[in-house]
Amino acid sequence: MQTIRRMELKSDQLYKQKIIRGFCHLYDGQEACCVGLEASINATDHLITAYRAHGYTYTRGVSVKEILAELTGRRGGCAKGKGGSMHMYAKNFYGGNGIVGAQVPLGAGIALACKYFGKDEICLSLYGDGAANQGQIFETYNMAALWKLPCIFICENNRYGMGTSVERAAASTDYYKRGDYIPGLRIDGMDVLCVREATKFAADHCRSGKGPILMELQTYRYHGHSMSDPGISYRTREEIQEVRSKSDPITLLKDRMLNNNLSSVEELKEIDVEVRKEIEEAAQFATTDPEPPLEELGYHIYHNEAPFDVRGANPWIKYKSVS
């Protein structure tokens, strides 16, 4: 959680220095969600999310170095500098997806593949409170329940869809009840242990052939919706400060560990020092690594195909596509 927090703060800094450009949605405040989920599933399980994806990219096994290099559009990035903030991928991680809500039916498709191939695997399909009112999500619920797909639908409710509070956007804010005929759980998404235990239960439910289950993680983002949103035009600084002081996921876990003698202040300080060092080294790499050359623009369209030509901006420009 500390690594993700520091990574996001470094991304914020690099964005303000105009080293990272374009869309950038930061995850700080919500770290307990991705860490808690990953702690209770297997590496062979699958996960797909929306565009606030840096935390999940890290928990699914991509290094900070590759994430920051992807944000700065360099060759050493996890998508070779072509995906940026919203489109990072790893093994069994189907990325950030830029279209609101569109990843949910894709997640059900992955769950269908798990069932079709008879694998003991599940898919976690994540979306935000802003996407929760979309029709395609309810269509997906229906198919998943009909076919008993091993899919956990997870609504990360951070209380604001862009600049609109949940109360102004939804007639019912009980997102965990939205599945109707699919059982649902509401979880404190600021408590990493709550998230872990609830996900263990949900994963067992799916693996046992009972079909899909819904989870609503009640969480909070400290930054605005994206870097172009200062995040204080629709909520007060006091509200953000109150959440930080009362339910910050990192502080909550630190306090719990210290109070139960699971760790010492010195140990936690050591972790922080190591994390800061790792982030600084990754940032150094992300700012010095070369950008991908123009001739590689058409590379990696397919996973393993024979090389072929791709038309450029006009018929006379051709790029080679190499898998």
From [X] atom [atom1] to [Y] atom [atom2], the distance as rounded to the nearest 0.5 Å:
X    : Y    : atom1 : atom2 : value
E295 : L297 : CD    : CG    : 10.0 Å
K148 : S208 : NZ    : OG    : 10.5 Å
I154 : L214 : CD1   : CG    : 9.0 Å
K254 : L262 : NZ    : CG    : 15.0 Å
I137 : Q103 : CD1   : CD    : 7.0 Å
D191 : T219 : CG    : OG1   : 11.0 Å

State plainly whether one hydrophobic cluster holds both [X] and [Y], where clusters connect Ile, Leu, Val, Met, Phe, Trp and Tyr through side-chain heavy atoms under 4.5 angstrom apart.
X    : Y    : answer
I99  : M162 : no
Y58  : I48  : no
I250 : V275 : yes
F138 : I152 : no
M88  : V35  : yes

Going by atom types alone, do [X] and [Y] pair a side-chain donor with an acceptor below 3.5 Å?
X    : Y    : value
E239 : T236 : no
Y27  : Y56  : yes
Q218 : D188 : no
K16  : Q13  : no

State, with a plain yes or no, whether a side-chain heavy atom of [X] is found less than 4.5 Å away from one of [Y].
X    : Y    : answer
K320 : D309 : yes
L68  : S11  : yes
Y127 : V100 : no
V195 : L37  : yes
L252 : V192 : no
V104 : Q136 : no
R159 : R221 : no
T287 : L14  : yes

Checklist entry - Do L26 and M227 pass the side chain to side chain contact (heavy atoms under 4.5 Å, CB included) test, and can you show the C-alpha distance, the side-chain angles, and the key distance before you say yes or no? => result CA-CA 8 Å; L26 299 181; M227 291 303 294; 3.6 Å; yes
Could you tell me which non-hydrogen atom of [X] sits nearest to which non-hydrogen atom of [Y], and how far apart they are?
X    : Y    : result
P105 : A102 : CD-O, 3.5 Å
Y319 : G312 : CE1-CA, 3.8 Å
M1   : P249 : CE-O, 3.7 Å
R276 : R6   : NH2-NH2, 2.8 Å

Next on the checklist: Assess the residue pair D45 and N92 against the criterion (side chain to side chain contact (heavy atoms under 4.5 Å, CB included)); give the C-alpha distance rounded to whole Å, side-chain angles, the decisive distance to 0.1 Å, and a yes or no.
Outcome noted: CA-CA 7 Å; D45 290 325; N92 299 330; over 6 Å; no
Next on the checklist: Which residue is it: F93, Y94, Y89? I am looking for the one with a ring pair (Phe, Tyr, Trp, His ring centres under 6.0 Å) to H46.
Outcome noted: Y94
When you measure from the side chain of [X] to the backbone of [Y], do you find a donor-acceptor pair of N or O atoms at a distance under 3.5 Å?
X    : Y    : value
R178 : S172 : yes
N304 : Y302 : no
R196 : C194 : no
R207 : D120 : yes
N260 : M257 : no
R52  : H225 : yes
K115 : W147 : yes
T49  : G96  : no
R74  : D289 : yes
E216 : Y176 : yes

What do you reckon, is [atom1] of [X] surrounded by more than 12 foreign heavy atoms closer than 6.0 Å?
X    : atom1 : result
Y116 : OH    : no
F285 : CZ    : yes
K119 : NZ    : no
K318 : NZ    : yes
K82  : NZ    : yes
K65  : NZ    : no
I301 : CD1   : yes
F308 : CZ    : yes

Next on the checklist: E197 vs K200, test: salt bridge (Lys or Arg N to Asp or Glu O under 4.0 Å). Steps then yes/no.
Outcome noted: CA-CA 5 Å; E197 293 309 305; K200 277 182 185 169; 3.4 Å; yes
Checklist entry - Can you check side chain to side chain contact (heavy atoms under 4.5 Å, CB included) on I4 and T59, steps first, answer last? => result CA-CA 9 Å; I4 295 164; T59 55; 4.1 Å; yes
Checklist entry - Distance under 6.0 Å and angle within 45° of the ring axis: does R244 meet both against Y222? => result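 Yes.
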Item to check | R235 charged N/C atom sitting above Y160 aromatic ring, 6.0 Å / 45° | outcome: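 Yes; both conditions hold, so R235 lies above the ring face of Y160.
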Checklist entry - Do the two ring centres, one from Y15 and one from H223, sit under 6.0 Å apart? => result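 Centroid distance Y15-H223: not below 6.0 Å, so no.
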Checklist outcome for this item: The residue among I240, D28, D248, N157 that forms side-chain contact (heavy atoms from CB on, under 4.5 Å) with Y220 is I240
Item to check | salt bridge (Lys or Arg N to Asp or Glu O under 4.0 Å) between R60 and E38, intermediate numbers included | outcome: CA-CA 7 Å; R60 291 262 83 187; E38 190 61 44; 2.9 Å; yes
Checklist entry - Is the F153 ring parallel, tilted or perpendicular to the Y141 ring (thresholds 30°, 60°)? => result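 Perpendicular.
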Item to check | Residue pair N97, H87: steps toward the side chain to side chain contact (heavy atoms under 4.5 Å, CB included) verdict | outcome: CA-CA 6 Å; N97 290 264; H87 305 290; 5.8 Å; no
Checklist entry - Of H54, H25, E70, which meets side-chain hydrogen bond (donor to acceptor under 3.5 Å, both in side chains) against S85? => result H54
